[in-house]
Chemist: 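Below are the structure tokens for one structure; questions will follow.
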Amino acid sequence: MKILINSKQIFEEHEDKVFEEYHGDVVLIEGGFELKYDESKIIFRENKLIVTTQNTSMIIEVNRTHLSSLQTPYGVIELEINGEYMEWQENPFLFEVRYKVKMEQTQCYINELQIQIIED
């Protein structure tokens, strides 16, 4: 399956957009999905999103703050993740999430993420 990921990072008046395309697998589970691609895993279930990559593992829930850490070549950066919006539609597959990220003593920025699945 083809996985299309559009993300937008917003900091004050600045925006940065990234588009990524992967091949991977999606498994529908009760009330959500599990997505695996390129050594990354995303699980959505019971309005909770768990994202695991080589460098981080984070939990995103609307109106809740979770602590996480990001492994960088310069050391570990502590993160606060606060979910603002989350919506999933099964067919056609479309998942959208918006959350705030605060890195240690910096101001927070907003990340908007959209995931689409397309059959090859």
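If you read the sequence from its start, that first residue is 1, and numbering goes on from there. Quick note: numbers below take in every heavy atom, side chains included, and nothing from hydrogens, waters or symmetry partners.
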Chemist: Examine the side chains of N55 and Q71 and answer whether a donor and an acceptor come within less than 3.5 Å of each other.
Modeler: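 The criterion, which ignores hydrogens and geometry beyond distance, is not satisfied for Q71 and N55.
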Chemist: Is there a path of hydrophobic side-chain contacts, each under 4.5 Å between heavy atoms, that joins F44 and L28?
Modeler: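 Yes, one cluster joins them.
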Chemist: With a 4.5 Å cut-off on side-chain heavy-atom distances among I, L, V, M, F, W and Y, is there a chain of contacts connecting I50 to I3?
Modeler: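 Cluster IDs for I50 and I3 differ.
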Chemist: Just checking Y85 against Y99, ring centres under 6.0 Å apart?
Modeler: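 No, too far apart.
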Chemist: Taking all atoms of both residues into account, what is the closest heavy-atom pair of K8 and N111, and its distance?
Modeler: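 Taking every non-hydrogen atom into account, O-OD1, 3.1 Å.
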Chemist: Distance from L94 atom CG to I117 atom CD1, nearest 0.5 Å?
Modeler: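 So the gap between those two atoms works out to 10.0 Å.
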Chemist: Identify, with sequence neighbours excluded, every residue that meets salt bridge (charged side-chain N to carboxylate O under 4.0 Å, His left out) alongside K102.
Modeler: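 Scan of K102 (salt bridge (charged side-chain N to carboxylate O under 4.0 Å, His left out), adjacent residues dropped) gives none.
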Chemist: Keeping the roles fixed (side chain from T53, backbone from S40), state whether a donor-acceptor pair exists under 3.5 Å.
Modeler: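 Side chain of T53 to backbone of S40: no pair is present.
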Chemist: To check you understand the geometry: which heavy-atom pair defines the closest contact between F33 and I29, and what is its length?
Modeler: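 Taking every non-hydrogen atom into account, N-CG1, 3.5 Å.
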Chemist: State, with a plain yes or no, whether a side-chain heavy atom of I42 is found less than 4.5 Å away from one of L49.
Modeler: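 Yes, their side chains come closer than 4.5 Å.
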Chemist: Taking C-beta and beyond as the side chain, do K100 and I81 meet within less than 4.5 Å on heavy atoms?
Modeler: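 SC-SC contact between K100 and I81 ruled out.
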Chemist: Restricting to non-hydrogen atoms, name the atom on Q9 and the atom on Y109 that form the minimum distance, rounded to 0.1 Å.
Modeler: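 In terms of heavy atoms, the two residues are closest at CG-CE1, 4.0 Å.
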Chemist: To check you understand the geometry: which heavy-atom pair defines the closest contact between S68 and S57, and what is its length?
Modeler: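 Where S68 meets S57 most closely, the heavy atoms are OG-O, 2.6 Å.
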Chemist: Less than 4.5 Å apart, side chain to side chain, heavy atoms only: is that true for M103 and E78?
Modeler: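 Contact flag for M103/E78 side chains = no.
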Chemist: Between R64 and V62, is any pair of side-chain heavy atoms under 4.5 Å apart?
Modeler: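 Heavy-atom side-chain distance check fails, nothing below 4.5 Å.
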Chemist: Verify, without hydrogens or angle tests, whether T56 (side chain) and S69 (backbone) share a donor-acceptor contact under 3.5 angstrom.
Modeler: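 It does hold such a pair.
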Chemist: Of the non-hydrogen atoms in E61 and M86, which two are nearest, and what is the gap between them?
Modeler: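 Nearest heavy atoms, E61 then M86: CA-CE, 4.0 Å.
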Chemist: Check each of I115, L113, I5 against F95 using the side-chain contact (heavy atoms from CB on, under 4.5 Å) test, and report the only one that passes.
Modeler: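 By the side-chain contact (heavy atoms from CB on, under 4.5 Å) criterion, F95 pairs with just one of I115, L113, I5: I115.
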Chemist: Is any NZ, NE, NH1 or NH2 atom of the basic residue among R98 and E96 found under 4.0 Å from an Asp or Glu carboxylate oxygen of the other?
Modeler: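 No, no charged N to carboxylate O under 4.0 Å.
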Chemist: Looking only at non-hydrogen atoms, find the nearest pair between I60 and G83 and report the distance.
Modeler: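 Taking I60 first and G83 second, the nearest heavy atoms are CG2-CA, 3.9 Å.
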Chemist: Does any part of the side chain of H23, heavy atoms only, come nearer than 4.5 Å to the side chain of M1, both counted from C-beta?
Modeler: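 With C-beta onward as the side chain, the pair stays apart.
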Chemist: For the hydrophobic clusters of this structure (ILVMFWY residues joined by side-chain heavy atoms under 4.5 Å, transitively), does one cluster hold both V97 and Y22?
Modeler: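 Yes; tracing contacts between hydrophobic side chains, which count when under 4.5 Å, links both residues.
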Chemist: For a 4.5 angstrom cut-off between non-hydrogen side-chain atoms, does E15 reach K17?
Modeler: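 They are in contact (side-chain heavy atoms under 4.5 Å apart), so the answer is yes.
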